[in-house]
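Just so you know, these numbers use all the heavy atoms, side chains as well, and skip hydrogens, waters and symmetry mates. Indexing begins at 1, ligand by ligand and atom by atom, following the structure's order. Keep in mind the model is a prediction, meaning the values are calculated, not measured.
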Amino acid sequence: MYHGALDTITDLAGVLERFWGYSSFRPLQRDAMDAIIAGRDSIVVLPTGGGKSLCFLAPALVRDGVAVVESPLISLMKDQVDTLVGNGVPAAFINSTLSSDQRRTVTEGVRDGRFRLLYVSPERLVGEGGDSFRNWLSKCNVSFIAVDEAHCISQWGHDFRPEYRQLASLRAQFPGASLHAFTATATARVRRDIASQLALKDPVELVGSFDRPNLLYRVLPRNNLKKQLQEVLARHKGDGGIIYCTSRREVEALASWLTESGVRARPYHAGLDDRERSRNQDLFLDEEIDVIVATVAFGMGIDRSDVRFVVHAGAPQSLEHYQQESGRAGRDGLEAECVLVYSSADFMKWRLMLERNGELTDSACKLLRDIERYASSVGCRHRHLVSYFGDTYEKDDCGACDYCLGELESMPGAVDLARKILSCVARVGQRFGAAHVANVLCGSENEQVMSRRHNDLSTFALLKDSAVPEVRGYVEQLLAQGFLRQTDDAFPVVALTNEGVELLRNPAAAPGLALSRQRRVVREREQRRSRVEAEAWEGVDRDLFEKLRGVRMQIARSRGVPPYVVFHDTTLREMARLKPQTMDSLRTIYGVGARKAEDLGEEFLNALRGHG
Ligand code: ADP
Ligand code: ZN
């Protein structure tokens, strides 16, 4: 460890370079760190992957005393601390998973000033029986307290945790320490709530941009889910990814189907017993499997930073949720793909569920409408998300969404097209589902259609030049835009809304209506890569990269840590681009700090030198 050398590093840039091998700050990091150095309370809102942790980690190495990090993610503390120690940062954690011996070692270390960072779970710090621990800690020269995932303290947040409420007593317990709250999702209301709950004094507020430029967003109306998944997986052979489903049944079904198709995948949901669930999570973190199929129970604080794709096989209940869940992709800053596969049945399911729980408030309905709108809109996804979260988006072409990559085709004559579909819904008596309506419009002479004699309707084969899934996609979009609605039976029936009826009467009734489809040429050949992706791979020797991944895996296995604790993909890619041959040049690689170079440098240099 570097205790001796610690005293000599007083500047933040030096700390960043030495311990993390990073040469610059991400947006707002510098300001967030300055607030801590100055001992000013603060609230920092940065998107997932924005680099929140560094905001409190680096100052901990500059300020005297021990910094306390408050985090609800007990299961991750060990990996977080292992990563820090691997970088040469003297850190430790205390939570319920430690034996009393281990706990004693840590408390002695803190008392002797051997640690700069101490991760603590909320129930340790404030829970019953936490008194003696708290009293002890308050005598330990605590420099500041960082509250991670601070939205958990607010019942307006999406992940309220009652035990976080008790953190309100921190201010009184640690009058000498400044308090710093960090979160990825905070509306102004949650922000105010955090500030008042923690009794922050005139806090510095830093709110970052919510755009994640390295994420490529795509939205697909659900038609053939497995085929849609196969297309995503084909772009990501051997990559880490998460597939979110809305039911356990679907999780199980998809996980077995993937396994049968030769994908290394495992299920994750609240119905599995604890052992199996945490085993599957570990397999994923350790890169022993590539894909985790999960309900939303999975992921709070998933720290596998090289998740290359997140697919939602059903829509979540709000864009806040979508942002949070899809945000687990690409935390290393490299390109990653987020695909929302939605159907109007998803939103219905949410409405039913919320209603059953007595939670179908006006605001919950609005949140649902907002994500429906996102799903069915024809426009830049980055722009849509950024403006939803209250920011303005400057770029005209994001280069990283289905719309900007030209994969969507906005249909000319959308009003006409919509009216044809609406009139077919009326013709079949508003008594059939979306699939049937699409079949009639496309002129399918299947059993259902023929036996009802729907082939005699004037709307039969009205859209015979379109494929059935495409027309189903239009039906989804009309549902999402409120011209159609679906009944909530087991076999949902599509019917007209008042807006739909009005549009049939008067073609000028819906000036804003837009319909889109995936361009056929795009579907047939491989989809374009996003700009970020092209840049991230530029000049990278892919064979060498794979070789380095192998070296990393070996080291990870022999040390019993997840591979990202050794090095992130970003670092391996840069090695495979610049091919350093000496220790000095290796040290200049992004993500290689002094400690890592000393510890792992030779092993990686061997691989680099041996590569012709
Ligand atoms: P968050 O907690 O906001 O989701 P993290 O703190 O986990 O984000 O950071 C995401 C990734 O970005 C991590 O791998 C981290 O090491 C890296 N990172 C953070 N700050 C920088 C920086 N200034 N330069 C390069 N990489 C950084
Ligand atoms: Zn775009």
Side-chain angles (χ1 to χ4, degrees), residues 12-13 15-17 19-33 44-58 69 71 73 76 79-80 83-84 86-87 89 146 148-151 182-186 206 208-219 299-307 323-324 327-334 336 338 374 377-387 393-408 528 530-532 562-572 574 589-593 596:
L12 288 165
V15 163
L16 227 59
E17 172 64 47
F19 291 92
W20 282 275
Y22 298 151
S23 49
S24 59
F25 295 93
R26 294 249 180 95
L28 297 185
Q29 275 184 331
R30 183 75 223 214
D31 302 297
M33 293 177 190
V44 178
V45 185
L46 283 175
T48 314
K52 283 183 290 300
S53 16
L54 223 57
C55 296
F56 53 81
L57 295 175
V69 182
S71 164
L73 310 175
L76 289 180
D79 284 344
Q80 282 167 337
T83 307
L84 288 169
N87 281 329
V89 178
D148 207 1
E149 313 288 349
H151 55 272
F182 293 85
T183 174
T185 30
L206 299 166
S209 158
F210 275 87
D211 190 36
R212 299 278 309 277
N214 61 319
L215 300 187
L216 165 50
Y217 294 105
R218 291 192 163 104
V219 180
M300 178 70 188
I302 274 312
D303 202 31
R304 181 164 169 180
S305 66
D306 66 342
V307 171
Q323 170 95 353
Q324 178 91 9
R328 297 189 177 118
R331 294 183 53 181
D332 52 11
L334 294 172
C338 303
Y374 170 78
S377 72
V378 188
C380 175
R381 311 284 177 196
H382 281 269
R383 174 182 297 274
H384 193 123
L385 288 169
V386 165
S387 39
Y393 192 69
E394 309 290 347
K395 281 186 261 180
D396 280 334
D397 172 358
C398 75
C401 80
D402 47 6
Y403 180 78
C404 293
L405 290 173
E407 294 171 5
L408 294 184
R528 258 177 70 191
S530 74
R531 195 152 55 209
V532 193
Y564 65 79
V565 170
V566 177
F567 278 130
H568 286 302
D569 274 12
T570 336
T571 301
L572 298 193
E574 194 165 305
I589 297 283
Y590 169 96
V592 183
K596 281 273 172 76

Which is it for [X] and ligand 1 at heavy atoms under 4.0 Å: side chain, backbone, both or neither?
X	value
S24	backbone
F25	backbone
S23	neither

Is there a polar contact between ligand 1 and [X], counting only N or O atoms under 3.5 Å apart?
X	value
G51	yes
R26	yes
D332	no
S305	no

Candidate with minimal heavy-atom separation from atom 3 (O) of ligand 1, of R331, K52, R30, Q80: K52

Contact with ligand 1 for Y590, non-hydrogen, under 4.0 angstrom: yes

Proximity flag G333 to ligand 1, non-hydrogen atoms under 4.0 Å: no

So, taking the atom named [atom1] in [X] and the one named [atom2] in [Y], what distance separates them when rounded to the nearest 0.5 Å?
X	Y	atom1	atom2	answer
F19	L57	CZ	CG	11.5 Å
D396	R383	CG	CZ	6.0 Å
Q323	L215	CD	CG	8.5 Å

I need the atoms of ligand 1 closer than 4.0 Å to a non-hydrogen atom of [X], numbered in the order shown.
X	value
Q29	19 (C), 20 (N), 21 (C), 22 (C), 23 (N)
S53	2 (O), 5 (P), 6 (O), 7 (O)
L54	19 (C), 20 (N), 21 (C)
H568	14 (O)

Pairing residues for D211 by the side-chain hydrogen bond (donor to acceptor under 3.5 Å, both in side chains) criterion, not counting sequence neighbours: H382

Ring-face cation of R381 near Y374 (centre distance under 6.0 Å, axis angle within 45°): yes

